[in-house]
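Since the structure comes first, as structure tokens, the remarks are kept for the end.
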There are 2 protein chains.
Amino acid sequence: MASRRISELTDHLGYWLRLVSNHVSTTFARRLEGKGVTVAEWVVLRELYDVEALAPSRLAEAMGMTRGAISKLSERLLAKALIDREADAGDGRAHMLSLSAKGRRLVPELAALADENDKQFFEHLSAKERVEMRRMLEKIVDARQLKDIPVS
Amino acid sequence: MASRRISELTDHLGYWLRLVSNHVSTTFARRLEGKGVTVAEWVVLRELYDVEALAPSRLAEAMGMTRGAISKLSERLLAKALIDREADAGDGRAHMLSLSAKGRRLVPELAALADENDKQFFEHLSAKERVEMRRMLEKIVDARQLKDIPVS
DNA sequence: TATTGTTATACTCTATAACTATA
DNA sequence: TATAGTTATAGAGTATAACAATA
């Protein structure tokens, strides 16, 4: 058997994906800094925006994180008064998380930042290319059954 | 002015990019675990494979990391005996990093894991789609002058 | 003074596991 | 016993800044 060529970092599609993805996320994180929230916090706030209230364990499932991680995250959001936490009426163990008025007001501002950020990076592609990119990414997500919301 | 629709997480290409990219990286990290190295360490080892030796500051530039971060990384690689560190003959401040024999033997194994990992995720795309995906990602990299090697 | 590299400190994200309270 | 949630501990990755040695 012939000895095989050692592949380079740039030989992998994963390399290019990571390069672009990390820049998109890092730039977004910088934008969010001005509003005092992290990317993970933005995801929580956006998740809560569409529902009345959500249990930490449900949030953990939706975000593909452990309960411990969610606990720490929500602690920070509570300290910033962006969410509220209440004991569940029925189940003494359960809690429910919901947006505070302040948090609810913030979400549209953050969504606008997310829009700007996405535009900044992907306006270099044509509308057709953007559709194509999304189609291919969703194809991989479906094929591999990727479910969690990416944060890191 | 009409009130604007609040965009969803999934409205952004950055979301899909991050979702796939994080899964590719996390899965790769699991594969590397078996060899006792992290993704960041793999990048360092692969960078050193093609050169005789490299100063930490050059490595920091190439990887888009601070010198402090590289220092910590190379400390771990030294502890694992995968690299060597020598004082520079000419400049008393400077050091040079290079692969140890053990590190050099390991790189082809890690490269094979990287190949497998990339295949696993992108075999769901046709050869033509893969070319297209790479072309679009490189287009963004060029347009936005993204230079660093992504690690996180 | 400027540069190279290390070290100290800190923060985010994440996981595992121990723990408390309740069911 | 099982579940919901918190807390403790740990480790990777990152940044900033202080520091030592040398230029």
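Protein chains get the first letters and strands the later ones, always in sequence-line order, with residue 1 at the start of each.
A salt bridge links B:Glu132 with B:Arg135: the distance from a Lys NZ or Arg NE/NH1/NH2 to an Asp or Glu carboxylate oxygen falls below 4.0 Å. The pair B:Asp11-B:Arg5 counts as a salt bridge, with a side-chain nitrogen and a carboxylate oxygen less than 4.0 angstrom apart.
Counting only heavy atoms from C-beta on, B:Ala94 has its side chain closest to C:dG5 among C:dT12, D:dT3, C:dG5. In this structure, of C:dC13, C:dA23, C:dG5, it is C:dC13 that holds the atom nearest to the side chain of A:Ala40. When each of C:dT6, C:dA23, C:dT14 is scored by its nearest atom to the side-chain atoms of B:Ser71, the top-ranked nucleotide is C:dT6. Closest to the side chain of B:Pro56, from the set C:dG5, D:dT14, C:dT14, is C:dG5. For B:Arg93, the side-chain atoms get nearest to D:dT22 when compared with the rest of D:dG5, D:dT22, D:dT3. In this structure, of D:dG5, C:dG5, D:dG13, it is D:dG5 that holds the atom nearest to the side chain of A:His95.
In this model, the phosphate group of C:dT6 is approached by a side-chain N or O of B:Arg85 to a distance below 4.0 Å at OP1 or OP2. Within the structure, a side-chain polar atom (N or O) of A:Thr66 is placed less than 4.0 Å from OP1 or OP2 of C:dA15. Side-chain nitrogen and oxygen atoms of A:Arg67 include none within less than 4.0 Å of the OP1 or OP2 phosphate oxygen of D:dT3.
Without hydrogens or angle criteria, A:Asp142 side chain to A:Lys139 main chain gives no donor-acceptor distance under 3.5 Å.
At a threshold of 4.0 angstrom between heavy atoms, the contacts of A:Ser57 are confined to the sugar-phosphate backbone, with no base atom among them. Contacts of A:Asp88 with the nucleic acid, taken as non-hydrogen atoms under 4.0 Å apart, are absent.
Remark: P of D:dT6 and CG of A:Leu78 are 9 Å apart, rounded to the nearest angstrom. When the C1' atom of C:dT4 is taken as reference, atom CG of B:Leu97 falls 12 Å away, rounded to whole Å. Rounded to an integer number of Å, the gap from CD of B:Glu41 to P of D:dG13 is 6 Å. Atom CZ of A:Arg30 is separated from atom C1' of C:dC11 by 14 Å (rounded to the nearest Å). In this structure, CG of A:Leu59 is placed 14 Å from P of D:dA4, rounded to the nearest angstrom. What separates CZ of A:Arg76 from C1' of C:dA10 is a distance of 13 Å, to the nearest Å. If you take CG of B:Asn22 and P of C:dT14, they are 8 Å apart, rounded to a whole angstrom. Following rounding to the nearest Å, B:Ile83 (CD1) and C:dG5 (C1') show an atom-to-atom distance of 13 Å.
Annotation: A:Glu86, atom CD; neighbour count of heavy atoms from other residues, nucleotides and ligands within 6.0 Å does not exceed 12.
Both A:Gly90 and A:Leu73 lie close to DNA chain C; mapped to their nearest nucleotides by heavy-atom distance, the more 5′-ward contact belongs to A:Leu73. Mapping B:Gly68 and A:Met96 onto DNA chain D via the closest heavy atom, the residue that lands nearer the 5' end is A:Met96. Nearest-nucleotide positions on DNA chain C place A:Thr38 closer to the 5' end than the other of A:Gly92 and A:Thr38.
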>> Using side-chain contact (heavy atoms from CB on, under 4.5 Å), reason through B:Met133 and A:Met133 one step at a time and then give a plain yes or no.
In response: CA-CA 7 Å; B:Met133 169 86 87; A:Met133 169 86 85; 3.8 Å; yes
>> Show, in sequence, the C-alpha distance, side-chain angles and deciding distance for B:Lys72 and B:Glu75, and conclude whether the salt bridge (charged side-chain N to carboxylate O under 4.0 Å, His left out) test is met.
In response: CA-CA 5 Å; B:Lys72 215 163 123 181; B:Glu75 199 179 304; over 6 Å; no
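A donor-acceptor contact under 3.5 Å is not formed by the side chain of B:Lys72 with the base of C:dT6.
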